[in-house]
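What you are looking at is a predicted structure, and each value in this text was computed from that prediction instead of being measured.
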Amino acid sequence: MLKPTQAYCLLLKSFGPQGWWPVTRNGITEHRGGPKSEGEKWEVVVGAILTQNTAWTNVEKALAEMRKQNSWSIESVATATEKKLEKAIRSAGYFRQKAKYLKETAKYIQKNYGSKIEKMFSQPIGALRYELLSLKGIGPETADSIILYSANKPRFVVDAYTRRICGRLGWPHSTYKETQEFFESNLPEEVKLYQEYHALLVKLAKRHCLKREPLCENCPLEKNCSRPNDA
DNA sequence: TACCAGGTCCTCG
DNA sequence: CGAGGACATGGT
């Protein structure tokens, strides 16, 4: 069976570095890993919530609209009316729920950390994750996305794509935790590696494993993929 | 038309 | 716990 490190090498060689998470600069979406400014960290948090079960193109419109109507910063989101937020993020779907989630999150950071997101991130990963999970609207994947791409700490992100690919490769995929532990115990604990790996899996999924029926032509993992499942 | 998109919450058994 | 439904827009 293919090992996670081997798969990573094949994917990287085939697709090149992806540089996640996407951040906006001068109205343009930029893909870049590594450290981020305070504003970019907040953008990742907002994006992580808005992109739940939603195409990123729809999220981009919502992000732009939030900026346009001046309900962007932690303070602004914390104090904006839900109606106003809903209007801004409408394109991202589930807009009533997500408006609540964003507002609650912003209020939490404002109240407990003086709107300094960096301060919240300065605690150990376990404590941070526990705290994020206590917020309504932040589940395991969103929490780990925030930890990995906003706080720049090592937590492997598992999403629907990751699970589907794991199913096809014969890797553990029955629960979130199982899949996450599989990657984390088989890889060196490096932030950049985790960031790139997740991004590469998303790329692979979109190119070859998107549909129920995989498109195996030119798939970098084809030779090593047993496809035992169709999960 | 129907299905899908970088999930999460709530309610039941 | 785990399954099942609700949440909602925009693209193919």
Side-chain angles (χ1 to χ4, degrees), chain A residues 11 15 17-24 29-33 36 40 43-66 68-69 82-106 108 129-151 155-168 172-180 183 194-215 230-231:
Chain A
L11 292 172
F15 297 146
Q18 303 298 302
W20 264 27
W21 186 281
V23 285
T24 314
T29 301
E30 202 172 83
H31 286 235
R32 165 163 58 75
K36 294 176 178 63
E40 288 168 340
E43 177 172 343
V44 173
V45 173
V46 174
I49 291 173
L50 291 182
T51 199
Q52 290 168 1
N53 206 38
T54 299
W56 184 253
T57 50
N58 292 351
V59 176
E60 283 186 324
K61 290 174 197 155
L63 295 178
E65 195 57 35
M66 285 174 72
K68 198 198 284 184
Q69 63 158 243
E82 267 178 33
K83 272 251 183 330
K84 189 175 178 188
L85 274 178
E86 287 175 5
K87 196 177 174 203
I89 68 169
R90 197 172 170 284
S91 68
Y94 308 132
F95 58 87
R96 293 188 194 89
Q97 296 190 39
K98 286 174 178 175
K100 282 194 180 67
Y101 296 164
L102 287 180
K103 196 168 154 85
E104 286 309 304
T105 301
Y108 182 86
R129 189 172 198 267
Y130 185 79
E131 193 169 287
L132 288 168
L133 287 175
S134 75
L135 297 173
K136 204 175 287 179
I138 298 185
E141 188 193 329
T142 307
D144 289 335
S145 295
I146 291 169
I147 291 170
L148 182 61
Y149 291 109
S150 182
R155 266 278 160 176
F156 202 89
V157 175
V158 176
D159 61 7
Y161 290 153
T162 308
R163 290 228 208 131
R164 176 182 298 158
I165 291 167
C166 284
R168 289 190 175 148
H173 65 284
S174 55
T175 66
Y176 187 98
K177 197 165 189 241
E178 184 190 42
T179 301
Q180 183 173 55
F183 282 103
Y194 287 8
Q195 290 181 339
E196 262 310 312
Y197 207 148
H198 178 68
L200 287 165
L201 289 174
V202 172
K203 182 85 164 189
L204 174 68
K206 286 183 170 166
R207 280 242 184 122
H208 301 286
C209 270
L210 187 53
K211 304 270 173 64
R212 297 190 80 77
E213 270 309 301
L215 306 166
D230 198 36

Could I get a table of every N or O pair under 3.5 Å where one atom is in the protein and the other is in nucleotides 1-4 of chain B?
none

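Counted by atom type alone, A:E65 and A:S91 present zero donor-acceptor pairs between their side chains at under 3.5 Å.
In this structure, A:T24 and A:E60 have side chains that are not in contact, with every pair of non-hydrogen atoms separated by 4.5 Å or more.
Here the CG-CD distance, from A:L11 to A:Q18, works out to 9.0 Å after rounding to the nearest 0.5 Å. Between atom CG of residue A:L200 and atom CD of residue A:Q195 there is a gap of 11.5 Å, rounded to the nearest 0.5 Å. Rounding to the nearest 0.5 angstrom, the gap separating the CG atom in A:L204 from the CZ atom in A:R164 is 11.0 Å. Here the CD1-NE2 distance, from A:I165 to A:H208, works out to 10.0 Å after rounding to the nearest 0.5 Å.
Near DNA chain C, defined here as any heavy-atom distance below 4.0 Å, the residues from residues 53-63 of chain A are A:N53, A:N58, A:K61, listed numerically. Residues from residues 195-204 of chain A that place a heavy atom under 4.0 Å from any atom of DNA chain C: there are none.
When the side-chain hydrogen bond (donor to acceptor under 3.5 Å, both in side chains) test is applied to A:E104, no partner is found at least two apart in sequence or on another chain.
Taking a heavy-atom distance under 4.0 Å as the criterion, the stretch of DNA chain C touched by chain A extends 5' to 3' from C:dC7 to C:dG11.
Contact check on A:E141 versus A:R163 returns no salt bridge, with no Lys/Arg side-chain nitrogen under 4.0 Å from an Asp/Glu carboxylate oxygen. A salt bridge is defined here as a Lys NZ or Arg NE, NH1 or NH2 lying under 4.0 Å from an Asp or Glu carboxylate O, and A:E86 with A:K83 fails to meet this definition.
Of the C1' atoms belonging to C:dA3 and B:dA5, the separation is 22 Å, rounded to the nearest Å. If you take atom P in C:dG10 and the same atom in B:dT8, they sit 22 Å apart, rounded to whole Å.
Of the candidates A:E196, A:E43, A:E40, A:R32 forms a salt bridge (charged side-chain N to carboxylate O under 4.0 Å, His left out) with just one, namely A:E40. A:V157 pairs with exactly one of A:Y194, A:Y149, A:Y197 by the side chain to side chain contact (heavy atoms under 4.5 Å, CB included) rule, that one being A:Y149.
Summarising the geometry of A:A92 relative to A:K98, their closest heavy-atom pair is O-NZ, 3.1 Å, with the distance given to 0.1 Å. Closest non-hydrogen pair, A:R90 versus A:F95, comes out as CA-CB, 3.7 Å. Listed here is the closest heavy atom pair of A:V45 and A:S150: CG2-OG, 4.0 Å.
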With sugar-phosphate taken as primed atoms, P, OP1 and OP2 and all else as base, the protein-contact string of nucleotides 8-13 of chain B at under 4.0 Å (heavy atoms; B, S, -) is SSS---

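Around NZ of A:K84, the count of heavy atoms belonging to other residues, nucleotides or ligands within 6.0 Å exceeds 12.
A:F95 comes within contact range of the sugar-phosphate backbone alone, with a heavy-atom separation under 4.0 Å but no base atom that close.
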